[in-house]
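See structure below.
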There are 2 protein chains.
Amino acid sequence: MSQDGVGIDLDRSLGYLLKEASSALRSAMEEVLRPLGMNVTHYSCLELLAQRPGLSNSELARGAFVTRQSMNVLLQALERDGYVTRPAEARVGKVLPTQLTPLGRQSLERATAAVRAVEVRMLAGMTETEQSDAFRILRSMIHSLHDGDHDARLAPRPSSATGRQYTG
Amino acid sequence: MSQDGVGIDLDRSLGYLLKEASSALRSAMEEVLRPLGMNVTHYSCLELLAQRPGLSNSELARGAFVTRQSMNVLLQALERDGYVTRPAEARVGKVLPTQLTPLGRQSLERATAAVRAVEVRMLAGMTETEQSDAFRILRSMIHSLHDGDHDARLAPRPSSATGRQYTG
DNA sequence: GAACCTATGTCAGAATGCTGACATGAGTCA
DNA sequence: TGACTCATGTCAGCATTCTGACATAGGTTC
């Protein structure tokens, strides 16, 4: 189990544990979303639009932690199936603000309930203090990781940026 | 930003923050591993083998949080390129214990250094107490999520299981 | 031994997300 | 105005991972 000091001890690595937690959360979410015909990215997109109507494709991509190319494929499907609408032409620049349709809002409702249950389950057994500790600690990790980007720019960083949006 | 109480407030959701942190960590790792011709799963596989020589395909899959089918594809490539070896036939059952070759070990060394730097960067600014808090809290989340599996079995759960290994 | 269940390795096909690339619109600066 | 930079939307191709399915090995129970 433990090792000779050469590698990274996975049993003691916070990075590994973070990945494990995230994997468990994703599995749990996929499990409850599948019966609703959604995956996590799909749900994230709808939830983002419910809270911030008019987000653009690129903004949604950053919020869902995928590339804008991936989000574009998803948005085209959601638009085709009537869950969201986008203007045919941009009013300013190239940005196409996206809106949830009533159908999309209705679809989101059930998904939100399912996801909320998963999140409640995840937080079971944690005190208020632990939850706020978790919040602060995760924020610290994110901040530190972004700070050290090798190709860091001095440009203002959009909220919830991951760096991935620069790859496309 | 905030909303009317209907959805999940992403700005206050620990699940969303967990996903953001994991995404940031993955991005940072991919960034340093790409110049070495590796991705995160690739690296995880080698690191697991360094610490627990002789792991089977399925065990590696669980440890790297992918399906055994995905790990199988990766192992075939690693074997073809001379990073790992597997016996042609199983000595017992169908399990094929995998071993790192000297080439694989050498390849892993540089990757480990790169990944270690990322992890150190992630933990920058966190006290010892915060790190042990983070450890305990993440473990709690993982435990709670697994406990609530809808298709939970009473079978002994392998260490670091995610539930995903049951999908194939 | 037979029935049953679980786990494993593997093949095949599909879904999902990524990288690369291009054109375009807006802002900055000289 | 023109050059430059940056962000956006989008197309095309590729990489990775997943789901579904099958045969098989080991263990358990009767």
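FYI, side chains are in, hydrogens and waters are out, and symmetry mates aren't considered; it's all heavy atoms of this structure.
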Side chain of A:Ser70 (C-beta onward), nearest among C:dG17, C:dG25, D:dC22: C:dG17
With a cut-off of less than 4.0 Å, is there a side-chain N or O of B:Asn39 near OP1 or OP2 of D:dT16? yes
Ignoring hydrogens and geometry beyond distance, is the side chain of B:Gln69 in donor-acceptor contact with the base of D:dG20 at under 3.5 Å? yes
Rounded to whole Å, how long is the line connecting atom CZ of A:Arg68 with atom P of D:dC6? 14 Å
So A:Met141 and B:Leu25, do their side chains get closer than 4.5 Å, heavy atoms only? no
Sorted by number, the residues of residues 71-79 of chain B with heavy-atom contact under 4.0 Å to DNA chain D: none
A:Met38 CE - D:dC18 P separation (whole Å): 21 Å
Between the side chains of B:Ser140 and A:Glu130, is a donor N or O closer than 3.5 angstrom to an acceptor N or O? no
Is there a side-chain contact (heavy atoms from CB on, under 4.5 Å) between B:Leu18 and A:Leu18? Walk through the geometry before answering. CA-CA 8 Å; B:Leu18 178 58; A:Leu18 179 58; 3.4 Å; yes
Let's see if you can work this out: which of C:dT19, D:dT10, C:dT10 has an atom nearest to the side-chain heavy atoms of A:Thr67? C:dT19
When you compare the side chain of A:Glu109 with that of A:Thr112, does any pair of heavy atoms fall below 4.5 Å? no
Side-chain N or O of A:Ser58 closer than 4.0 Å to phosphate OP1/OP2 of D:dG9: yes
Could you check whether A:Arg86 gets within reach of a base, just the sugar-phosphate, or nothing at all, counting any heavy atom under 4.0 Å? sugar-phosphate
Could you tell me which non-hydrogen atom of A:Tyr43 sits nearest to which non-hydrogen atom of A:Leu33, and how far apart they are? CB-CD1, 3.8 Å
At 10 degrees resolution, what angle do the end axes of the helix from C:dG1-D:dC30 to C:dA30-D:dT1 form when each is taken over five base pairs? 40°
By nearest atom, which of the nucleotides D:dT10, D:dT8, D:dA21 is closest to the A:Val95 side chain? D:dT8
Considering all heavy atoms, the nearest B:Leu17-A:Phe135 contact: CD2-O, 3.4 Å
Could you check how far CZ of A:Arg26 sits from P of D:dC18, rounded to whole Å? 10 Å
Whole angstrom is fine here: how far is it from CG in B:Asn57 over to P in C:dT10? 7 Å
From the options D:dT8, C:dT8, D:dG26, select the nucleotide whose nearest atom is closest to the side chain of B:Val92. D:dG26
Are side-chain heavy atoms of B:Ser107 and B:Met38 found at a separation under 4.5 Å? yes
Report the nucleotide, chosen from C:dC11, D:dT17, C:dG9, that has the shortest atom-to-atom distance to any side-chain atom of B:Lys94. C:dG9
Phosphate OP1/OP2 of C:dG17 contacted by A:Thr41 side-chain N/O (<4.0 Å): yes
Separation of C:dC18 P from B:Leu33 CG (nearest whole Å): 16 Å
Partner of A:Thr85 under side chain to side chain contact (heavy atoms under 4.5 Å, CB included), picked from A:Thr98, A:Thr101, A:Leu100, is A:Thr101
A:Leu60 CG to D:dT8 P, in whole Å, measures 11 Å
B:Leu74: side chain to side chain contact (heavy atoms under 4.5 Å, CB included) partners, not counting sequence neighbours: B:Thr41, B:His42, B:Cys45, B:Met71, B:Leu78
Between B:Arg26 and B:Glu30, does any NZ, NE, NH1 or NH2 come within less than 4.0 Å of an OD or OE carboxylate oxygen? yes
Between P on D:dA23 and CD on B:Glu89, what's the gap in Å once rounded to a whole number? 20 Å
Hey, which of these two, A:Arg91 or B:Pro97, hits DNA chain C nearer its 5' end, going by closest nucleotide? B:Pro97
A:Glu30 CD to C:dA15 P, in whole Å, measures 15 Å
Is there a side-chain contact between B:Arg62 and the phosphate of C:dT8, meaning an N or O under 4.0 Å from OP1 or OP2? yes
Flag the pair A:Ile142 / A:His146 as yes when at least one side-chain heavy-atom distance between them is below 4.5 Å, and no otherwise. yes
Any A:Arg34 side-chain nitrogen or oxygen under 4.0 Å from OP1 or OP2 of D:dT19: yes
